[in-house]
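Contents: one structure, followed by commentary.
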Amino acid sequence: MTTVNTIIVGGGHAGVNLACMLELQQKETDGKDFDYLILERSTSLLSKWRNKRWDHFQLNTPVIFSRLHGQKGCKYDNRDDWLLDRPLQQDIECWDAHINDLKITERSKLSSNVVSVKPLEDGTFETTVKEGNIEGSTKTTVLYRSRNVVVCNGVYDHNIVPSNLSKALPATVKQHVSGGFSLEDLADGNILVVGSR
């Protein structure tokens with residue numbers, strides 16, 4: 001079983017942005033507390049931006065809302081923060097430059113479908129993953145142990161985390177829900193919000 005401090009479920013924009021934050025924190029502190037692993041079921045990070053959006057899509061939100069944490073090193077990074085209408089490919093180029101600079105792909109397991117997450121008696125979590133080609137029949141079951149699990153599976157995904165997740169798992173697990181939930185459902189502890197939908 002592989003042990004890592006934080007498991008990030010999903011390598012979309014929210015998951016990759018969180019990885020950027022942890023990577024930069026780790027560089028600043030040289031601390032193991034910021035060690036992480038992204039588990040992404042497709043064959044690339046940010047895959048929905050690359051191949052599941054509209055053809056010739058123009059981003060119409062300000063640049064500042066699309067930048068990854070600490071993003072730099074791309075020829076388009078000098079754009080006005082509030083620029084609205086721009087080709088998606090420009091942002092993908094900037095994201096890729098930042099991801100490569102931080103070596104985030106090296107801390108990612110692609111073609112990894114998370115099957116379950118369960119709390120262990122010592123306060124850590126066991127994440128069960130089927131690794132291998134999603135289309136193919138060859139898959140390997142791998143177990144990961146972590147202190148934290150952050151679910152960034154995307155609101156448009158069919159496999160939505162149940163809204164009662166907080167009742168089954170302690171507050172150190174941050175949840176993603178597509179629908180509303182009651183604050184009374186959340187256990188005591190800190191809450192991390194990824195995304196602003």
- Message: Is the shortest side-chain heavy-atom distance between W49 and L88 below 4.5 Å?
- Response: yes
- Item | Contact list for residues 69-110, test disulfide bond (SG atoms under 2.5 Å apart), sequence neighbours left out | C74-C94
- Message: Can you confirm whether the side chains of D122 and T124 place a donor and an acceptor under 3.5 Å from each other?
- Response: yes
- Minimum heavy-atom distance S42-S44, with the two atoms named: OG-O, 2.9 Å
- Connected-component partners of L83 among ILVMFWY, side-chain separation under 4.5 Å: V63
- Query: In this structure, which one of L37, V149, V150 forms a side-chain contact (heavy atoms from CB on, under 4.5 Å) with T6?
  - Reply: V150
- Message: Just to verify, what does K72 make a side chain to side chain donor-acceptor pair (under 3.5 Å) with, not counting sequence neighbours?
- Response: none
- How many angstroms lie between atom CG of N17 and atom NE2 of H69, to the nearest 0.5 angstrom? 7.5 Å
- Item | Main-chain N/O of K130 paired with N113 side-chain donor or acceptor, under 3.5 Å | no
- Query: Looking only at atom types and distance, does a side-chain atom of S112 sit under 3.5 Å from a main-chain N or O of L110, one as donor and one as acceptor?
  - Reply: yes
- Message: Walk me through whether Y144 and T128 qualify under side-chain contact (heavy atoms from CB on, under 4.5 Å).
- Response: CA-CA 7 Å; Y144 294 96; T128 305; over 6 Å; no
- Indicate whether the side chain of R86 and that of S66 have a donor and an acceptor atom separated by less than 3.5 Å. yes
- Query: So, do L102 and I99 sit near enough that their side-chain heavy atoms are less than 4.5 Å apart?
  - Reply: no
- Would you call R145 and E126 a salt bridge, taking side-chain N to carboxylate O under 4.0 Å as the test? no
- Message: Enumerate the side chain to side chain donor-acceptor pair (under 3.5 Å) contacts for residues 96-107, please, sequence neighbours excluded, ordered by first and then second residue.
- Response: E23-R107, Q26-R107, D35-R107, R50-D96
- Item | Side chain to side chain, K118 and T127, heavy atoms closer than 4.5 Å | no
- Heavy-atom pair with the smallest gap, counting every atom of G15 and I8: CA-CG2, 3.8 Å
- Scan residues 71-93 for pairs that pass ring-ring contact (aromatic ring centres under 6.0 Å, His included), counting only residues two or more places apart or in two chains. F65-W82
- Query: If you measure from CG on L46 to CD on E40, what distance do you get to the nearest 0.5 Å?
  - Reply: 8.5 Å
- Message: Ignoring hydrogens, what is the shortest heavy-atom contact between I104 and V16? Give both atom names and the distance.
- Response: CD1-O, 4.3 Å
- Task: Check whether any side-chain heavy atom of D81 sits under 4.5 Å from a side-chain heavy atom of P62, and report yes or no.
- Result: no
- Connected via hydrophobic side-chain network under 4.5 Å: M21 and W95: no
- Query: If you group Ile, Leu, Val, Met, Phe, Trp and Tyr by side-chain heavy-atom gaps below 4.5 Å, do I92 and I64 land in one group?
  - Reply: no
- Task: Drop me the distance from M1's CE to L143's CG, to the nearest 0.5 angstrom.
- Result: 4.5 Å
- How close do G70 and L24 get, heavy atom to heavy atom, and via which atoms? CA-CD1, 3.9 Å
- Message: How close do P119 and F125 get, counting heavy atoms only, and between which atoms?
- Response: CA-CD2, 3.7 Å
- When rounded to the nearest 0.5 angstrom, what distance separates OG in S146 from CG in N5? 8.0 Å
- Contacts of Q71 that satisfy side chain to side chain donor-acceptor pair (under 3.5 Å) - sequence neighbours left out: D77
